[in-house]
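To keep things clear, I will list the structure first and then write my remarks on it.
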Amino acid sequence: MTSVGDELPHPDAPSMAVEPDHPEGAVDALPPLADLPAAVRARVVTWAADVVGRAPTRDLSASLQKVARFAPAKRALRAGAVLADAVQHDEVFRAMVAEHAARQPADATDPSTVAARALLLRAPDAPELLTRAVAGQEHADARARVGELEHEVRVLTARLTRAERHLAAQAAAPPVESGAEAERLKKRLREQGTRLREVQDQLAEQRAQAQTRQQALTEELDRVRAQAQAWREQAEAAAGRADAAAESVRKLRETSDGRRAADDRRLDLLLQVIESAASGLRREWDLIGGGPAPAEVVASGMAEPATDRRTGDSVRVAAWVGLPGTHLIVDGYNVSKTGFAELSLADQRDRLVRQLSVLGARTSAEVTVVFDGAAVTTTRPFARGVRVLFSAPGIQADDVIADLVRAEPTGRPVVVISSDRRVADHAVRTGARAAPSSVFLALLGGG
């Protein structure tokens with residue numbers, strides 16, 4: 001007996017035109033497909049072949065994109081190993097196959113289809129259904145073996161009949177050198193009879209085993225049906241209790257809403273009286289609103305110490321960047337050459353900009369990174385939420401950073417990242433905060 005799963009080529013077969021590739025670190029949610037019964041494995045591969053032909057190309061890996069170009073009838077046959085590997089290791093593709101399996105009509109008469117569907121959908125009774133599929137496969141194999149043995153019995157019986165007829169004809173013929181021929185025919189007849197009895201014994205044994213397995217499967221099916229009926233009854237009882245509880249909650253909410261509405265109305269009337277009294281007092285006393293708070297008046301006359309605008313603590317830098325409306329200005333090459341000088345300048349820029357994009361998305365800060373642009377001939381790297389600037393020829397990135405700090409309005413939090421003392425000193429004098437590149441790299445690495 002053959003099936004689609006039996007005809008799947010080995011992954012190393014020369015007819016394969018693609019190689020499996022799956023994301024590293026994917027967690028297998030299925031038992032190894034190679035250990036599944038052939039019929040269950042064939043059903044999973046067939047569903048996977050259907051999904052490959054319908055899924056958008058962007059959702060498929062490189063190997064599955066190659067499989068999608070096969071003719072539909074040849075996908076499971078020629079690329080079965082690749083499809084099985086993708087179902088085993090690619091979680092996204094496995095989810096698409098499971099969704100496709102869930103939409104298929106349920107065929108309770110086919111244990112292999114039921115087991116494959118339960119495995120993909122991670123049903124709690126999947127191991128039990130798989131055991132039933134294995135037993136069903138063994139029962140089908142046994143029935144096939146019984147059929148083969150019955151056919152062999154018929155063939156041997158026909159041969160024995162022909163041999164007996166031939167022996168009878170030889171016995172009726174004149175005895176011309178019949179002794180050796182008769183002995184040969186008798187020996188052949190004995191051999192055929194012995195072989196026939198052996199085959200009949202095997203057939204009887206196979207029939208007994210098949211009947212035993214069929215009886216065990218019938219008992220198992222009855223047990224599963226009874227268990228399913230009990231589950232349905234429990235589910236119906238639980239649904240009834242849930243409906244009753246929901247009705248009780250609804251009635252309680254209606255009662256509490258009515259009481260709350262009355263209490264809220266009394267509170268609203270009281271607040272209206274208080275607001276009217278306060279408004280009358282303001283008019284009577286002729287109060288003038290607005291103006292700074294007393295603490296703000298005192299604080300405005302005090303200069304913030306310069307030491308509070310510098311830090312070597314990454315936790316404090318993270319707090320600065322997390323302030324509402326913060327503008328983070330980064331001395332690009334000063335940071336990248338401190339953290340990953342072994343990379344090329346282009347790779348340094350790309351890596352730093354990606355890390356800044358993650359930080360900006362996490363803190364909602366405005367992020368600007370400035371690079372010396374005299375030697376740059378390629379396009380600037382792009383990342384969402386990061387402004388990338390290159391200084392013009394003859395102008396250093398330090399000067400561009402100074403212009404950015406001066407352009408900010410007084411009171412807005414501005415954080416400058418650079419280990420260049422001249423850049424940091426200018427930022428602090430202008431009212432910004434400063435931190436060295438090593439501290440900022442610790443923040444990026446820990447984030």
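Atom set for the values below is all heavy atoms of this structure, side chains included, hydrogens, waters and symmetry mates excluded.
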Query raised in the report: Does Gln348 reach the main-chain N or O of Leu343 with its side chain, forming a donor-acceptor pair under 3.5 Å?
Result: yes

Report summary line: salt bridge (charged side-chain N to carboxylate O under 4.0 Å, His left out) filter on Arg54, not counting sequence neighbours, yields none

Report summary line: Across all chains, not counting sequence neighbours, the salt bridge (charged side-chain N to carboxylate O under 4.0 Å, His left out) partners of Arg384 are none

Query raised in the report: Tell me the salt bridge (charged side-chain N to carboxylate O under 4.0 Å, His left out) pairs involving residues 231-245, sequence neighbours left out?
Result: none

Report task. Check the pair Trp47, Thr113 against side-chain contact (heavy atoms from CB on, under 4.5 Å), reporting the backbone distance first and the verdict last. Result -> CA-CA 10 Å; Trp47 285 339; Thr113 301; 3.9 Å; yes

Query raised in the report: Within the distance-only criterion (no hydrogens, no angle test), does the side chain of Thr326 pair as donor or acceptor with the backbone N or O of Gly322 below 3.5 angstrom?
Result: no

Report task. Please confirm whether the backbone N or O of Phe70 pairs with a side-chain atom of Arg78, one donor and one acceptor, at under 3.5 Å? Result -> no

Query - Check: Arg433 and Val428 side chains under 4.5 Å, non-hydrogen atoms - result: no

Query raised in the report: How many angstroms lie between NZ in Lys66 and OG in Ser61, if you round to the nearest 0.5 Å?
Result: 10.0 Å

Query - Side-chain donor or acceptor of His100 paired with backbone N/O of Met96 under 3.5 Å - result: no

Report task. State whether the number of non-hydrogen atoms from other residues, nucleotides or ligands found under 6.0 Å of Arg58 atom CZ is greater than 12. Result -> no

**Report entry** Nearest atoms (heavy-atom pairs only) where Phe93 meets Ala48
**Finding:** CZ-O, 3.7 Å

**Report entry** Minimal non-hydrogen separation, Leu83 against Leu64, with atom names
**Finding:** CD2-CD2, 4.0 Å

Query raised in the report: Between the side chain of Thr430 and the main-chain N/O of His426, is any donor-acceptor distance below 3.5 Å?
Result: yes

Query raised in the report: Counting N and O atoms only, with roles assigned by atom type, does the side chain of Asp372 sit under 3.5 Å from a partner on the main chain of Ala397, one being a donor and the other an acceptor?
Result: yes

Requested in this report: Could you check Arg351 against Asp347 for side-chain contact (heavy atoms from CB on, under 4.5 Å), going step by step and ending with a plain yes or no?
Outcome: CA-CA 6 Å; Arg351 180 172 175 178; Asp347 292 339; over 6 Å; no

Query - With Ser314 via side chain to side chain donor-acceptor pair (under 3.5 Å) - residues at least two apart - result: none

Report summary line: Sequence neighbours excluded, the answer for side chain to side chain donor-acceptor pair (under 3.5 Å) partners of Arg195 is Glu152

Query raised in the report: Of the non-hydrogen atoms in Ala434 and Trp320, which two are nearest, and what is the gap between them?
Result: O-CZ3, 3.7 Å

Requested in this report: Check side-chain contact (heavy atoms from CB on, under 4.5 Å) between Gln65 and all other residues, then give those that pass, not counting sequence neighbours.
Outcome: Thr57, Leu60

**Report entry** Exercise: identify the closest heavy-atom pair between Ala98 and Leu121
**Finding:** O-CD2, 3.4 Å

Report task. Identify, with sequence neighbours excluded, every residue that meets side-chain contact (heavy atoms from CB on, under 4.5 Å) alongside Val367. Result -> Leu328, Leu356, Val386

Report task. State the CD-CD distance between Glu150 and Gln206, to the nearest 0.5 angstrom. Result -> 11.0 Å

Report summary line: Between Ala84 and Val45, the two heavy atoms sitting closest are CB-CG2, 4.3 Å

Side chains of residues 412-421: which donor-acceptor pairs under 3.5 Å do they make with residues two or more places apart or in other chains?
residue: Arg412; atom: NE; partner: Gly325; partner atom: O; Å: 2.7
residue: Arg412; atom: NH1; partner: Glu366; partner atom: OE1; Å: 3.2
residue: Arg412; atom: NH1; partner: Glu408; partner atom: OE1; Å: 2.9
residue: Arg412; atom: NH1; partner: Glu408; partner atom: OE2; Å: 3.4
residue: Arg412; atom: NH2; partner: Gly325; partner atom: O; Å: 3.4
residue: Arg412; atom: NH2; partner: Glu366; partner atom: OE1; Å: 2.5
residue: Ser418; atom: OG; partner: Asp331; partner atom: OD2; Å: 3.0
residue: Ser418; atom: OG; partner: Asp420; partner atom: N; Å: 3.1
residue: Ser419; atom: OG; partner: Ser437; partner atom: N; Å: 3.0
residue: Ser419; atom: OG; partner: Ser437; partner atom: OG; Å: 3.4
residue: Asp420; atom: OD1; partner: Arg422; partner atom: N; Å: 3.0

Query raised in the report: Going through the distances and angles, do Leu345 and Tyr333 end up as a side-chain contact (heavy atoms from CB on, under 4.5 Å)?
Result: CA-CA 8 Å; Leu345 292 181; Tyr333 286 134; 3.9 Å; yes

Query raised in the report: Are any side-chain N or O atoms of Ser248 and backbone N or O atoms of Ala244, one a donor and one an acceptor, separated by less than 3.5 Å?
Result: yes

Query raised in the report: What's the verdict on side-chain contact (heavy atoms from CB on, under 4.5 Å) for Gln211 and Gln215, showing C-alpha distance, side-chain angles and the deciding distance?
Result: CA-CA 6 Å; Gln211 290 175 357; Gln215 182 178 1; over 6 Å; no

Report task. Report the residues that fulfil side chain to side chain donor-acceptor pair (under 3.5 Å) with Gln234, sequence neighbours left out, ordered by chain and then residue number. Result -> none

Requested in this report: Using the test side-chain contact (heavy atoms from CB on, under 4.5 Å), find all partners of Asp403 that sit at least two apart in sequence or belong to another chain.
Outcome: Arg406

**Report entry** pair Gln229-Arg225: side-chain heavy atoms closer than 4.5 Å
**Finding:** no

Query raised in the report: Which one of Val92, Leu120, Asp50 satisfies the side-chain contact (heavy atoms from CB on, under 4.5 Å) criterion with Val97?
Result: Leu120

Report task. Mind checking the CZ-CG spacing from Arg265 to Asp263? Nearest 0.5 Å is all I need. Result -> 13.0 Å

Query raised in the report: Nearest 0.5 Å, what's the NZ-CG distance between Lys337 and Leu352?
Result: 12.5 Å

Query raised in the report: Do Lys251 and Glu247 have side chains that get closer than 4.5 Å, going by heavy atoms?
Result: yes

Query raised in the report: So do the side chains of Val369 and Val335 get within less than 4.5 Å of each other, counting heavy atoms only?
Result: no

Query raised in the report: Does the side chain of Asp350 come within less than 4.5 Å of Arg354's, by heavy atoms?
Result: yes

Requested in this report: Would you please name every residue forming a side chain to side chain donor-acceptor pair (under 3.5 Å) with Asp59, sequence neighbours left out?
Outcome: none

**Report entry** Residue list, side-chain contact (heavy atoms from CB on, under 4.5 Å) with Glu191, at least two apart or on another chain
**Finding:** Lys187

Query raised in the report: If you count the non-hydrogen atoms of other residues, nucleotides and ligands that lie under 6.0 Å from CZ in Arg250, is the total more than 12?
Result: yes

Report summary line: To the nearest 0.5 Å, atom CG of Leu444 lies from atom CD of Gln355 at 5.0 Å

Query raised in the report: CZ of Arg223: more than 12 outside heavy atoms within 6.0 angstrom?
Result: yes

Query - Close side-chain approach of Val439 to Thr311, heavy-atom, < 4.5 Å - result: no

Query raised in the report: Quick one: are Phe390 and Val370 in side-chain contact, heavy atoms under 4.5 Å?
Result: no

Query raised in the report: Going by heavy atoms in the side chains, are Leu359 and Phe440 under 4.5 Å from each other?
Result: yes

Report task. Calculate, to the nearest 0.5 Å, the distance between atoms CD1 and OG1 belonging to Ile401 and Thr368 respectively. Result -> 10.0 Å

